[in-house]
Protein chains: 2
Amino acid sequence: MSSTRRSPVILIVEPSGGSNRRHNPELAMIYADDLGVTRGDGIFETLLVRDGAARNLERHLDRFVGSARMLGLPVPDTGQWSRATAEAVAEWEDAGGGEASCVWTYTRGRESTGRPTGWITVKPVPEKVLRQREEGISVLTTPRGYSVTPALPVQGATGGQEPPPWLVTGAKTLNYAANMAALRYAVAKGFDDVIFTDDGRVLEGATSTVVTVTGSTLRTPPPGRDLLPGTTQAALFSHATAHGWTCLEEDMDVTDLLAADSVWLCSSVRLAVRVVRINDRKLPDTTDGVVIRELLTAALG
Amino acid sequence: MSSTRRSPVILIVEPSGGSNRRHNPELAMIYADDLGVTRGDGIFETLLVRDGAARNLERHLDRFVGSARMLGLPVPDTGQWSRATAEAVAEWEDAGGGEASCVWTYTRGRESTGRPTGWITVKPVPEKVLRQREEGISVLTTPRGYSVTPALPVQGATGGQEPPPWLVTGAKTLNYAANMAALRYAVAKGFDDVIFTDDGRVLEGATSTVVTVTGSTLRTPPPGRDLLPGTTQAALFSHATAHGWTCLEEDMDVTDLLAADSVWLCSSVRLAVRVVRINDRKLPDTTDGVVIRELLTAALG
């Protein structure tokens, strides 16, 4: 399909509140001293664009603002980012439109200016994602390899069950080298993705939230602490609850995954992809996948 | 001082082996789809430039190649990077010269091309660094807040005491958001830097290696596992050993820091900065700091 080769729309968002500017994707855009590239010091969000609109906008805005606060970045103006998103999506539609991913990136900016850098990219949904939505994915479960200490004797900290502030746990930062490495590891072992565990407890995918379906009950591991709260899972649970499903945030282990009617990895652009194999175990197809996909489509408005 | 406002020298290093190109730092250089900026998917090294040459070159090249391997990046051509470094430093000298920092950055490159991006920046040593070298620093000790599991029941892994490969522990990646956040945290509490601990064990600074001096013995926590091996500390230990010092890699706790003659944070450009306060405890000045600084200067050639 030629759709993956369509040129992205890039819109530079001026943090000072000036006019947004279209940028030619075939021209360089970021300066060599931008802390986004020299230290990964920035945040991002990825939204689904469908039928000419960015979906689940409020939840992405909330997490974006939360991430900025955790990194001590100037809090982005949600009105400005909403308008810029609409503008970028309108440009995308003018250029032919179709389902797309919309990425917001916001960095601490150039060392030499101290002003944040922000931009929006709208680009086609990758082929691989379309295929995974259709065919499902195989998943390797594996310990994540580190444990976050929730309660620290930190000088001057307020105490409680909060991870230390410098870990910026819960912020969606540009620090995705480990997530990317985990995906390469999975692929090298013949899988599509991983589900991380910690001391047997199911955590999350490399870039997604785990959801199980059993009868009319949806379950996900409790978000927060050392799990990034999932915007797609949250939309799904909110909508499903309103339509008679039972939605629970509960600790689960790999046995619970294997015992569920079905297991899904939820993320903004892949939406819900069905896990068809966990390690060496093929999962039975006992849930009507169409129901879950329709539920999620409706949830995203 | 005006030195901090001198324009950097930027040299683009072509991973394909083509000619290196000077780049005007006042022009954008990186494309919006470079995985270095969208996912922090890349590595870096920072070298000291002194008397017209980059110092400790071999150790930086070794770690650079090791980091690339850990991230599954095409292994950089060390001959090419050495020559490019000499070329960038020569340009710097032509433009006035003086002590500088030289940063190599190497990313997975543009999503749309799949070719890595590499460049070298030579820029003045920041004022703050010059001041810290002179005056020393105050340090907050604090648990890092996470523990790396050294031996994992990972499918297909070779076992042993290696951290899981996707954590890319020991690689110097662009994922420095947490390091930067830790420094902001320290500053907010009235300190210059942090020394992380894990279950009482001293680990490292936010961007440096811990070294203590007691009599004619230098000590550092054992590098590797969850500590980035320090190139500056390694150069110091190698040179000091050859000159009659005893150099040990040993676990230590905060009590050991307080009991040492002196405590230093070692990194490429700051070199060795003396810790003058740990938490609420002022450290006595019982070691001749000049000796350590001269030792390090000699170690760096």
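These figures come from a predicted structure and were not determined experimentally.
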Task: Region of Leu174(A) in contact with chain B, defined by heavy-atom distances below 4.5 Å - done: both
Open item on the list: For the interface with chain B, which of Ala178(A), Ala28(A), Gly36(A) has the highest count of heavy-atom pairs at distances below 4.5 Å?
Closed with: Ala28(A)
Task: Qualifying residue, where the test is side chain to side chain contact (heavy atoms under 4.5 Å, CB included) with Met180(B) and the options are Leu35(A), Asp41(A), Val168(A) - done: Asp41(A)
- [ ] Mind checking the CG-CE spacing from Asp33(A) to Met29(B)? Nearest 0.5 Å is all I need.
- [x] 9.5 Å
Open item on the list: Does atom CZ (Arg22(B)) have a neighbourhood of more than 12 heavy atoms from anything else shown, all under 6.0 Å?
Closed with: yes
- [ ] Among Ile10(B), Leu27(B), Thr105(B), Thr38(B), single out the residue with the greatest number of heavy-atom pairs under 4.5 Å to chain A.
- [x] Leu27(B)
TODO: Mind ranking Asp34(B), Leu167(B), Asp226(B), Asn179(B) by heavy-atom pairs under 4.5 Å with chain A and telling me who comes out on top?
DONE: Leu167(B)
- [ ] Working to the nearest 0.5 Å, report the span between OH of Tyr31(A) and CD1 of Ile30(B).
- [x] 11.0 Å
TODO: Classify the angle between the aromatic ring planes of Phe196(A) and Trp166(B) as parallel (below 30°), tilted (30 to 60°) or perpendicular (above 60°).
DONE: tilted
Task: Among Gly42(A), Pro8(A), Ala32(A), residue most engaged with chain B (heavy-atom pairs, under 4.5 Å) - done: Ala32(A)
Task: Side chain, backbone, both or neither of Leu183(B) within contact of chain A (heavy atoms, under 4.5 Å) - done: neither
Open item on the list: Heavy-atom pairs under 4.5 Å with chain B: which of Pro25(A), Ala177(A), Gly40(A), Ala206(A) has the most?
Closed with: Ala177(A)
Open item on the list: Testing the basics here: between Pro164(A) and Gly145(B), what is the closest heavy-atom pair and its distance to 0.1 Å?
Closed with: CG-CA, 3.7 Å
Task: Which atom of Trp119(A) lies closest to which atom of Val37(B), heavy atoms considered - done: CH2-CG2, 3.8 Å
Open item on the list: Atom CZ of residue position Arg184(A) - does it have more than 12 heavy atoms of other residues, nucleotides or ligands inside 6.0 Å?
Closed with: yes
TODO: Report, as yes or no, whether the 6.0 Å neighbourhood of atom CG on Asp199(A) holds more than 12 heavy atoms from other residues, nucleotides or ligands.
DONE: no
TODO: Just do the side chain to side chain contact (heavy atoms under 4.5 Å, CB included) check on Phe44(B) and Arg39(A) with the steps written out, would you?
DONE: CA-CA 9 Å; Phe44(B) 74 108; Arg39(A) 293 292 180 273; 3.5 Å; yes
